[in-house]
Trainee: 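If you scroll down you'll find the structure; I have some questions about it.
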Amino acid sequence: DRPIVLDGATDAFASEFVFFATDYGIYTFDRNSETWSRITTASGLPSNHALALGLDEGVLWVATDSGLASADVRVNDWQTYDLAGTVRALAFDDRYAWAGGDSGLARFDKYSETWQTRSDSPVLDLLADKDRLWIASPSGVLCYDPKFDRIDQMPAPVDSYFRIIDTPNRIWFVGRAGLAGYRKDATSWTEYGPISGADFSTLGDTVLFTASGSPFIYDPGSDRWSA
């Protein structure tokens, strides 16, 4: 699996922290004091093995193989949540914290501090993008529309998708058979394949992707992937 590293630089309430998930807990580096600390089950985590990390206005969310927990990064007031199944993906918008996993999709209302189940279908990755929530699932790409409070199947190529990569002008969905690219300005889909892998890096709309031990790069100028 791809190592989980979460940089708090884009969160005004946690900008000095970088989080590294390991099998021995979460190591936290404070850029201001240049010191390290560690978050473990002794701190309040359900397990030391994290599957997903997320930051939302200074609150660190951790999905582990034994449950979900969150805490204010400056206070470390950890609380756990009793959700069904294993949570594998996290996303956040102005009102909700979203959690997706084996048992479906749930959301935590930040105002009422209550959980609501939105779907029972498995979720492998999530992306909150402006006014919608993108969902990578074994049955394809899904999208939650808050205006109508519904989840729609999107016209992406048929595949089992397990990762979402967001760039300024495109959203990439990584599937078992290949890649699907969604162009934000044209709201159009393109299939690229067979390319499937786990590790990636982005610079603007350029994507560097490792598949089966070989590197692939996406050039937004030519709209092409090349090895």
Side-chain angles (χ1 to χ4, degrees), residues 1-4 6 21 23 45-56 60-70 80-93 95-110 114-166 170-182 189 191-200 209 211-212:
D1 293 340
R2 190 170 191 259
I4 303 174
L6 178 62
D23 289 336
L45 289 182
S47 165
N48 286 334
H49 183 205
L51 302 175
L53 300 179
L55 261 178
D56 181 44
L60 177 65
W61 290 77
V62 183
T64 77
D65 56 3
S66 296
L68 178 66
S70 72
T80 58
Y81 305 96
D82 186 20
L83 296 181
T86 301
V87 174
R88 301 184 181 279
L90 299 166
F92 311 94
D93 58 30
R95 179 161 183 173
Y96 300 107
W98 295 87
D102 301 343
S103 296
L105 179 68
R107 67 186 183 188
F108 179 76
D109 190 314
K110 301 175 192 177
T114 57
W115 285 95
Q116 305 162 347
T117 299
R118 300 304 300 125
S119 172
D120 295 327
S121 300
V123 172
L124 298 178
D125 203 2
L126 295 169
L127 171 67
D129 178 55
K130 295 182 180 179
D131 59 348
R132 62 179 66 183
L133 179 76
W134 294 95
I135 304 165
S137 80
S139 59
V141 176
L142 310 176
C143 189
Y144 171 74
D145 185 338
K147 183 177 180 181
F148 299 101
D149 191 29
R150 71 186 187 197
I151 297 175
D152 297 318
Q153 183 85 37
M154 302 303 289
V158 177
D159 201 343
S160 174
Y161 294 98
F162 60 90
R163 179 159 288 117
I164 305 174
I165 304 172
D166 187 30
R170 287 174 173 80
I171 302 175
W172 298 97
F173 298 86
V174 186
R176 304 298 175 188
L179 288 170
Y182 174 78
W189 293 87
E191 183 176 8
Y192 302 83
I195 304 172
S196 184
D199 205 11
F200 69 91
F209 200 83
S212 302

Trainee: Any side-chain heavy-atom pair from F209 and V174 closer than 4.5 angstrom?
Mentor: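 They are in side-chain contact.
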
Trainee: Under the 3.5 angstrom rule, does the side chain of D159 hit a backbone N or O of R176 as a donor-acceptor pair?
Mentor: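 Judged by distance alone, yes, a pair lies under 3.5 Å.
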
Trainee: If you measure only the distance, is there a donor-acceptor pair under 3.5 Å linking the side chains of S66 and T64?
Mentor: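 No, because no side-chain N or O of S66 sits under 3.5 Å from a partner of the opposite role on T64.
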
Trainee: Can you give me the closest heavy-atom contact between L68 and L83, atom names plus distance?
Mentor: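 In terms of heavy atoms, the two residues are closest at CD2-CD1, 3.7 Å.
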
Trainee: Taking only residues two or more places apart in sequence or in another chain, which ones pass side chain to side chain donor-acceptor pair (under 3.5 Å) with D149?
Mentor: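 Expected list: R118, Y144.
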
Trainee: Not counting sequence neighbours, which residues clear salt bridge (charged side-chain N to carboxylate O under 4.0 Å, His left out) with D145? List them please.
Mentor: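 Scan of D145 (salt bridge (charged side-chain N to carboxylate O under 4.0 Å, His left out), adjacent residues dropped) gives none.
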
Trainee: Measure the spacing between CG of D152 and CZ of R132 and express it to the nearest 0.5 Å.
Mentor: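 Reported value, rounded in 0.5 Å steps: 9.5 Å.
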
Trainee: How long is the gap from CD1 on I135 to OG on S121, to the nearest 0.5 Å?
Mentor: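 If I round to the nearest 0.5 Å, the distance is 9.0 Å.
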
Trainee: How long is the span from the CG atom in N48 to the CG atom in D23, to the nearest 0.5 Å?
Mentor: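 N48 CG to D23 CG: 9.0 Å, rounded to 0.5 Å.
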
Trainee: Closest heavy-atom contact between A50 and I4?
Mentor: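 Scanning both residues, the minimum pair turns out to be O-CD1, 3.6 Å.
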
Trainee: Got a second to check how far I165's CD1 is from L179's CG, nearest 0.5 Å?
Mentor: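 If I round to the nearest 0.5 Å, the distance is 7.0 Å.
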
Trainee: Among residues at least two apart in sequence or on other chains, which ones pass side chain to side chain donor-acceptor pair (under 3.5 Å) with D93?
Mentor: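 Expected list: W98.
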
Trainee: Taking the six-membered ring for Trp, is the centroid-to-centroid distance between F173 and W134 below 6.0 Å?
Mentor: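 Close enough - the centres of the two rings lie under 6.0 Å apart.
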
Trainee: Holding to side chain to side chain donor-acceptor pair (under 3.5 Å), I want the full list of residues that pass it with Y161, two or more places apart in sequence or in another chain.
Mentor: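 Side chain to side chain donor-acceptor pair (under 3.5 Å) check on Y161 returns nothing, list empty.
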
Trainee: Taking all atoms of both residues into account, what is the closest heavy-atom pair of G100 and L126, and its distance?
Mentor: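 So the minimum-distance heavy-atom pair works out to N-CD1, 3.6 Å.
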
Trainee: If I compare all heavy atoms of F92 with all of A128, which pair ends up nearest, and what's the gap?
Mentor: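 In this case the closest contact between F92 and A128 is O-CB, 3.2 Å.
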
Trainee: In the structure I gave you, are the side-chain heavy atoms of L51 and V87 within less than 4.5 Å of one another anywhere?
Mentor: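 No, every pair of side-chain atoms sits at 4.5 Å or beyond.
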
Trainee: Any heavy-atom pair between the side chains of L142 and M154 that's under 4.5 Å?
Mentor: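 They are not in side-chain contact.
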
Trainee: Got a sec, which pairs hit salt bridge (charged side-chain N to carboxylate O under 4.0 Å, His left out) with one end in residues 82-91, sequence neighbours left out?
Mentor: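 Residue pairs passing salt bridge (charged side-chain N to carboxylate O under 4.0 Å, His left out), neighbours aside: R88-D102.
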
Trainee: Side chains of I151 and L105: does their closest heavy-atom pair fall under 4.5 Å?
Mentor: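 Contact flag for I151/L105 side chains = yes.
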
Trainee: For the CG atom of L55 and the CG atom of L6, what is their distance to the nearest 0.5 Å?
Mentor: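 Going from CG on L55 over to CG on L6, the span is 4.5 Å.
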
Trainee: Under the rule for salt bridge (charged side-chain N to carboxylate O under 4.0 Å, His left out), what residues qualify as partners of D65, not counting sequence neighbours?
Mentor: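 With neighbours one apart ignored, the set is empty.
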
Trainee: Are the side chain of D125 and the backbone N or O of I164 linked by a donor-acceptor pair below 3.5 Å?
Mentor: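 Such a contact is found between D125 side chain and I164 backbone.
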
Trainee: When rounded to the nearest 0.5 angstrom, what distance separates CG in L127 from OH in Y182?
Mentor: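 Interatomic distance, L127 CG to Y182 OH, rounded to 0.5 Å: 11.5 Å.
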
Trainee: Ring-plane angle category for W61 and Y81, please: parallel below 30°, perpendicular beyond 60°, tilted otherwise.
Mentor: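 Aromatic pair W61/Y81 classed parallel.
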
Trainee: Going through the distances and angles, do L124 and R163 end up as a side chain to side chain contact (heavy atoms under 4.5 Å, CB included)?
Mentor: CA-CA 7 Å; L124 298 178; R163 179 159 288 117; over 6 Å; no

Trainee: L133 vs R107, test: side chain to side chain contact (heavy atoms under 4.5 Å, CB included). Steps then yes/no.
Mentor: CA-CA 11 Å; L133 179 76; R107 67 186 183 188; over 6 Å; no

Trainee: Which pair of heavy atoms, one from P122 and one from S137, lies closest together, and at what distance?
Mentor: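 Closest approach of P122 to S137: O-CB, 3.5 Å.
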
